[in-house]
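Remarks on the structure that follows.
Computed over heavy atoms, backbone and side chain alike; hydrogens, waters and symmetry mates excluded. Just so it is clear, the structure is predicted and the values come from calculations on it, not from any experiment. Lettering of chains follows the sequences in order, A, B, ..., and the numbering in each one begins at 1.
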2 protein chains.
Amino acid sequence: MAVSKETIVEASIKILNRDGIEGLSMRAIAKELNIKAASLYWHFSGKLDLYGAIAECLCSYYEMPEESCNPKDYLVLSYRAYRAILLSTRDSVPVLENSIPNTPHRLEIINAISKALLKVGFKEENLMTVSNLLNNYVLSFVADECRFKNTPLDKIQELEKMFNPQDSLLLRATNDFDEQFSFGLRVLFAGLEAVDICAR
Amino acid sequence: MAVSKETIVEASIKILNRDGIEGLSMRAIAKELNIKAASLYWHFSGKLDLYGAIAECLCSYYEMPEESCNPKDYLVLSYRAYRAILLSTRDSVPVLENSIPNTPHRLEIINAISKALLKVGFKEENLMTVSNLLNNYVLSFVADECRFKNTPLDKIQELEKMFNPQDSLLLRATNDFDEQFSFGLRVLFAGLEAVDICAR
DNA sequence: ACCTGAACACCGTTCAAGT
DNA sequence: ACCTGAACACCGTTCAAGT
């Protein structure tokens, strides 16, 4: 049974979750599929092309919120769903960052969010700036979140002592990631409205 | 004449500016200094240790703004200076991201900014959250800025057409990076105040 | 104290050749 | 259409040995 783009992507995601992006070598993917690394180049032009396919697959699981509700809630729900996808697969952030969002599902997400941003009242000329700001927020938040979750407790306490010689404020602050993520979103939306590139 | 940690870092920065982080291999650094790659391991425990030293060196050029002016201006000037350092050396962002900020100059910057954030009125329990938000903003902004500047014009126009079938709004929006950077900072500060984790 | 040679265990990618 | 063997040009890191 011949492999396909789909089975290669599937195997890649399996390896990502097991070994992280460090372990995602062409040879490792090939081994997972019982073929040789060179064969992968018949399906993909190179590693970045494969990253693009992985990212596209991840984004295909994106659950579009209901159109009906008000556009601001829609945006918050969109970004929550975006984060959920990023959290579902280990090291998804560098995969997304190193691939161009020119595939159907990724463009669909971008378009849906762009439309909602315009509905909320952001000026069209600021659309790219605003969506970049929000996109970077989500990506860097999740990257930090994963780094934190993959750091052993003693290392964290070591770092804590450096930044805050008193006591462990850091841990208390960073424990609830859902709440922290929502907090950041509130900050960004409030800020964007206040700086009145918003029409209303 | 034997090399030292300093000359190794110097050579590394030279290579970064010339070839980017892809070109910064242990062998390339050694060649630049007319030694062999294995020798570097007498000075540094590994590549991440070297990244830490490069980051520390870059941060030593940080120009602390005057203490006297009001704390909010101080913060804006701090983040501008931070961005200036990141822009001064190619691919500095991944170097910073992959090293632990436990060296003197980096801690100095973190402490100075923390103090200013508290002065502005942010609650101590939110200090880490707020400074992470701002730090991530600067890093991801500069990463995008560099990506944009290193992308040939025809590639950019190709992408533009994908996101905005009408015309080239993107280019107009992203031309002035200084202004864009300040815009993002204004958004974040306005948002942080509005979400009233700010005491005043 | 500082450096090297040689090796180990890897990478991504190419390409003629196989079926 | 799909895969392989073999090679090319690299990596980071270790370690006994040299001066």
Side-chain angles (χ1 to χ4, degrees), chain A residues 1-57 90-100 147 150, chain B residues 1-57 90-100 147 150:
Chain A
M1 175 52 183
V3 308
S4 62
K5 281 193 181 233
E6 286 76 41
T7 54
I8 294 172
V9 167
E10 211 177 303
S12 301
I13 290 173
K14 187 175 169 188
I15 292 169
L16 274 179
N17 281 317
R18 195 182 57 208
D19 308 320
I21 200 162
E22 304 277 278
L24 190 69
S25 69
M26 297 308 250
R27 283 168 173 86
I29 298 165
K31 190 172 223 173
E32 190 73 32
L33 296 164
N34 293 311
I35 57 173
K36 302 295 162 187
S39 314
L40 296 170
Y41 289 83
W42 194 89
H43 300 275
F44 294 102
S45 72
K47 205 160 188 197
L48 292 186
D49 189 23
L50 174 58
Y51 278 7
I54 298 170
E56 171 64 2
C57 174
R90 187 168 160 198
D91 284 342
S92 59
V93 172
V95 171
L96 276 267
E97 277 174 343
N98 288 294
S99 55
I100 296 162
R147 198 175 352 235
N150 289 323
Chain B
M1 176 53 186
V3 308
S4 61
K5 283 193 180 229
E6 287 75 42
T7 54
I8 294 172
V9 167
E10 212 178 303
S12 301
I13 291 174
K14 187 175 169 187
I15 292 170
L16 275 179
N17 281 317
R18 195 183 57 208
D19 308 318
I21 202 161
E22 304 279 277
L24 190 70
S25 69
M26 297 308 250
R27 283 169 173 84
I29 298 164
K31 191 171 222 174
E32 189 74 32
L33 295 163
N34 293 310
I35 57 173
K36 303 294 162 189
S39 313
L40 296 170
Y41 290 82
W42 194 89
H43 300 276
F44 294 102
S45 73
K47 205 159 189 198
L48 292 186
D49 189 24
L50 174 59
Y51 278 7
I54 297 171
E56 171 64 3
C57 173
R90 186 170 159 195
D91 284 340
S92 59
V93 172
V95 171
L96 276 265
E97 277 175 342
N98 288 293
S99 56
I100 297 161
R147 197 171 358 232
N150 289 324

Dump every N/O contact between nucleotides 14-19 of chain D and the protein below 3.5 Å, one line per pair.
none

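What separates NZ of B:Lys36 from C1' of D:dG12 is a distance of 17 Å, to the nearest Å. Rounded to an integer number of Å, the gap from CE of B:Met26 to C1' of C:dC3 is 14 Å. Protein atom OH of A:Tyr51 is 11 Å distant from nucleotide atom C1' of C:dG12, rounded to whole Å. Atom-to-atom, CH2 of B:Trp42 to P of D:dG12 comes out at 21 Å; the value is rounded to the nearest Å. Following rounding to the nearest Å, B:Glu6 (CD) and C:dC2 (P) show an atom-to-atom distance of 12 Å. Atoms CD1 (B:Ile29) and P (D:dC11) sit 10 Å apart, rounded to a whole Å.
Across the strands present, C:dA1 finds its partner in D:dT19; the criterion is a Watson-Crick or G-U wobble pair with both atom distances under 3.5 angstrom. With a cut-off of 3.5 Å on both pairing distances, the Watson-Crick or G-U wobble partner of C:dC8 is D:dG12.
Distances shown here put every side-chain N or O of A:His43 at or beyond 4.0 Å from the OP1 or OP2 atom of D:dA1. For the OP1/OP2 pair of D:dG12 and a distance below 4.0 Å, the side-chain nitrogens and oxygens of B:Lys47 include at least one atom meeting the criterion.
For A:Lys5, the NZ atom sits in a packed shell: over 12 heavy atoms of surrounding residues, nucleotides or ligands are nearer than 6.0 Å.
Annotation: side chain of A:Ile35 is not in contact with side chain of A:Ile29 (no heavy-atom distance under 4.5 Å).
Once rounded to the nearest 0.5 Å, the distance linking SG of A:Cys57 with CD1 of A:Ile8 reads 12.5 Å.
Taking the P atoms as reference points, C:dA9 lies 22 Å from D:dC10, given to the whole Å.
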Only distances under 3.5 Å count here; give the side-chain donor-acceptor pairs of residues 42-51 of chain A to other protein atoms, sequence neighbours excluded, each with its distance to 0.1 Å.
residue : atom : partner : partner atom : Å
A:Lys47 : NZ   : A:Leu24 : O            : 2.6
A:Asp49 : OD2  : A:Ser45 : N            : 3.0

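Panel note: side chain B:Asp91, backbone B:Gly20; no donor-acceptor pair is recorded below 3.5 Å.
Taking every heavy atom of both residues into account, B:Ser99 and B:Ala55 meet most closely at OG-CB, 3.8 Å.
Summary of the strand contacts: B:Val3 and A:Arg27 both lie near DNA chain C, and taking for each the nucleotide with the nearest heavy atom, the more 5' one is attributed to B:Val3.
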